[in-house]
Amino acid sequence: MSQRPLAATGAHVHSSPAAEPPLLSVRKLRIEFPGRRGTLVAIDDVSFDVARGEILGMVGESGAGKSLTGAAIIGLLEPPGRIAGGEILLHGEPIHSLPPAAMREIRGRRIAMIFQDPLTSLNPLFTIGQQLTETILAHLDIGLQAARRRALDLLTEVGIPAPEQRIDHYPHQFSGGMRQRVVIALALCAAPELIIADEPTTALDVSVQAQIIALLRRLCREHRTAVILVTHDMGVIAETADRVAVMYAGRLAEIGPVREVVQHPRHPYTRGLMGSIPVLGADVHRLVQIDGAMPRLNAIPTGCAFHPRCKDAFERCRLERPDLMAAGPTRAACWLYPPSPNPEPTP
Amino acid sequence: MIAFILRRLLQSTLVMLAVALVSFGLFRYIGDPIHNMVGQEATLAEREALRERLGLNDAVPVQFARFVGNALRGEFGISYRMQRPVADVIAERLPATLELALISGTAALVLGIALGVYTALRREGWLSHLIMSASLIGVSLPTFLIGILLIYVFAVELKMLPAFGRGEVVQLGGWSTGLLTASGVKSLILPSITLGLYQLTLIMRLVRAEMLEVLRTDYIKFARARGLSDRAVHFRHALKNTLLPVITIAGLQIGSIIAFAIITETVFQWPGVGLLFITAIQFVDIPVMAAYLVLIALIFVVINLIVDLLYFAVDPRLRAQRPGRGH
Ligand SMILES: Nc1ncnc2c1ncn2[C@@H]1O[C@H](COP(=O)(O)OP(=O)(O)O)[C@@H](O)[C@H]1O
Ligand code: SF4
Ligand SMILES: [Mg+2]
């Protein structure tokens, strides 16, 4: 079995029963916020897989639930938020209900995370060398000297010039782009199998965004690290991801190989998103082309959550909630693609 | 760094000059110093001679310069009431105040930080709720009331601890300490609690609020995501950032502990400079009052300097920027 699934076949990596389980498998994930005025369901019935070395793009308007999904995977949901249903499997082993100490073994070592803002991700009172070595020592059984050497190697790898001097500098002595490189080095400390990168370039200058994405892509290819790349930038998704997951109001709207989702989106919401892909050279990459706003969590419409904004909506959309269904090479949660009435399984 | 220290020293000097001006004003404009020094039966000529001899007929700026010069040498004149040099009287009383302030300040700081961190980390625990409720008492009850309550319970009713005074003291050179005798230590307990309780609760609430704030920051989330242990996240990353703003407040609190000692020393008849000051006010003993003002100001200024230097040591962002900053 090839380590790197081709984009076109990415959707099928977990379909063969003989194959080993995927790197990450999210099954019917449900995240709730219990509150005084009832329970908010922020993530509902979200399922997807990530194969080894695969880059899964994740898109959707602000508030769609992308960050919560990432936090749940790495076990850092903030109370009162909690996983109320479903499971998260790493190599087939459930990790969503591990005791804290066991989860800490996974965090940083097998699953790492990169946040949006490199300016605030680093502790201002410690040198980057201190932060790198403490992370390395937390995961690898090596001495301080070896940890420092590894830190230097990592800094070189992420393209920090003169690492021998820079390693003893504090975060405020680096520019935003350089800080995000340091953050990436921190994520790579223990050579994790999966990195969740939550809008890693949103807070950066446009001029350095492309460099950071290129760096992330190169390192993950070299180390065969899988990535869940959350971004609003469809251009980045098109260039970087193997597959794309589109989230809407806490649910998956569509998921499939990047070329299909970008060029032939099936779900009306995805079509709206892709309509906002900029012409080459234009610099606005934002998702703005769909009329109306995403519903608030306490007012999610019945049936298809997208129906009040959908130009194609019809009777069934208001009444019945669509699950993800095969829509050509992608899968879409939309009644435009009802399962064939003939339930014969296709091989 | 050097420039920073020099700037701070200059500011401190200006503050001290301003305070000196106020205390000089006390001398000059409250009451008539001559009247305070000579008896009722002195003749007008005698008074005028004394006035001339003391330089009270010189121009005001000259007098002020002389006052500052004397103050620099620790000379504040003769106490009207005790007829002894003010410097001697204060030197005698200072150890009592400093020991009391040091003990209660250290306790307030250590306990305040520990309880603040605990209640922040165990935000929902019953013990945290209990501590937080109890701390309301500390902030809302006036100091003298706490003192009187403590005296009533532990001295009058339980007869465990003395109600007033410093107990037996031992002379170590020029320093009289109560820390070496059982009665001295026992005597310290109630005044220390009285003096430190307010600061303790204040520091605790500050640390708790600051810690909760820090725990919400991105770098703490990222530290967790890196797989660091809770201990490293809480006590290495969060605590250091929490204590940064606490340094300033704590410094000011230590300063005000010495200033607030007036009330505690009065309640417990503690023979320190605070009590000295209160008595001086009753007797309009201007030299003592002036010296006390200058002393308290000096303590505040020194503490402020230490706080600034500490900040400098802890926060790399304040240190001289090295080359290589930026891209
Ligand atoms: N602590 C919380 N309490 C209630 N709702 C929350 C909380 N945190 C996040 N949410 C809700 O969960 C939804 C998803 O948030 P998030 O995952 O951050 O969105 P995204 O990253 O896609 O922009 C949002 O509607 C947000 O309002
Ligand atoms: S299910 Fe209906 S409302 Fe929802 S996206 Fe499809 S067509 Fe639109
Ligand atoms: Mg987000």
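Chain A is the first sequence line, chain B the second, and so forth, proteins listed ahead of strands; every chain is numbered from 1. For clarity, every value in this text was computed on a predicted model and none was experimentally measured.
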(request) For A:Phe115 and B:Phe222, work out which heavy atoms get closest and say how close. (result)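 Closest approach of A:Phe115 to B:Phe222: CE1-CA, 3.6 Å.
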(request) List the atom of A:Met113, the atom of B:Ala225, and the distance in Å for their closest heavy-atom pair. (result)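 Where A:Met113 meets B:Ala225 most closely, the heavy atoms are CB-CB, 3.9 Å.
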Can you tell me which of [options] forms the most heavy-atom pairs within a distance under 4.5 Å of chain B?
| options | answer |
| --- | --- |
| A:Pro124, A:Ala138, A:Ala162, A:Cys189 | A:Pro124 |
| A:Thr120, A:Val183, A:Ile114, A:Leu119 | A:Thr120 |
| A:Pro192, A:Gly108, A:Ser121, A:Pro171 | A:Ser121 |
| A:Leu137, A:Leu76, A:Asp117, A:Thr127 | A:Leu76 |
| A:Asn123, A:Thr135, A:Ile196 | A:Asn123 |

(request) Go through B:Arg236 and A:Glu134 one step at a time and tell me if the side-chain contact (heavy atoms from CB on, under 4.5 Å) criterion holds. (result) CA-CA 11 Å; B:Arg236 196 169 130 88; A:Glu134 75 176 346; 2.8 Å; yes
Are there more than 12 heavy atoms of other residues, nucleotides or ligands under 6.0 Å from atom [atom1] of [X]?
| X | atom1 | answer |
| --- | --- | --- |
| A:Arg217 | CZ | yes |
| A:Arg218 | CZ | yes |
| B:Gln11 | CD | yes |
| B:Phe300 | CZ | yes |

(request) Supply the atom-to-atom distance B:Arg317 CZ to A:Tyr170 OH, rounded to the nearest 0.5 angstrom. (result)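 Reported to 0.5 Å precision, the distance equals 11.0 Å.
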(request) Measure the CD1-NZ distance between A:Ile74 and B:Lys221 for me, rounded to the nearest 0.5 Å. (result)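 Between atom CD1 of A:Ile74 and atom NZ of B:Lys221 there are 12.5 Å.
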(request) Using non-hydrogen atoms and a 4.5 Å limit, figure out which bit of B:Ile220 sits close to chain A: side chain, backbone, both or neither. (result)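 B:Ile220 has no heavy atom closer than 4.5 Å to chain A.
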(message) Below 30° counts as parallel, above 60° as perpendicular, anything between as tilted: where do the rings of A:Phe126 and B:His237 land?
(response)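 The rings of A:Phe126 and B:His237 sit tilted, inter-plane angle from 30° to 60°.
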(message) What part of A:Arg109 gets within 4.5 angstrom of chain B, counting heavy atoms only: side chain, backbone, both, or neither?
(response)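 For A:Arg109, neither part sits under 4.5 Å from chain B.
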(message) So for A:Leu125, is it side chain, backbone, both, or neither that comes closer than 4.5 Å to the heavy atoms of chain B?
(response)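 A:Leu125 touches chain B through backbone and side-chain heavy atoms alike.
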(message) Any salt bridge linking A:Glu78 with B:Arg216? Criterion: basic side-chain nitrogen under 4.0 Å from a carboxylate oxygen.
(response)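 Judged by the 4.0 Å cut-off on N to carboxylate O distance, A:Glu78 and B:Arg216 do not form a salt bridge.
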(message) Heavy-atom pairs under 4.5 Å with chain A - which of B:Asn241, B:Asp315, B:Asp230 has more of them than the others?
(response)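 Heavy-atom pairs under 4.5 Å are most numerous for B:Asn241.
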(message) Checking the side chain of B:Arg226 only, and the main-chain atoms of A:Gln131 only, is there a donor and an acceptor separated by less than 3.5 Å?
(response)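 Side chain of B:Arg226 to backbone of A:Gln131, a donor-acceptor pair under 3.5 Å: yes, one is there.
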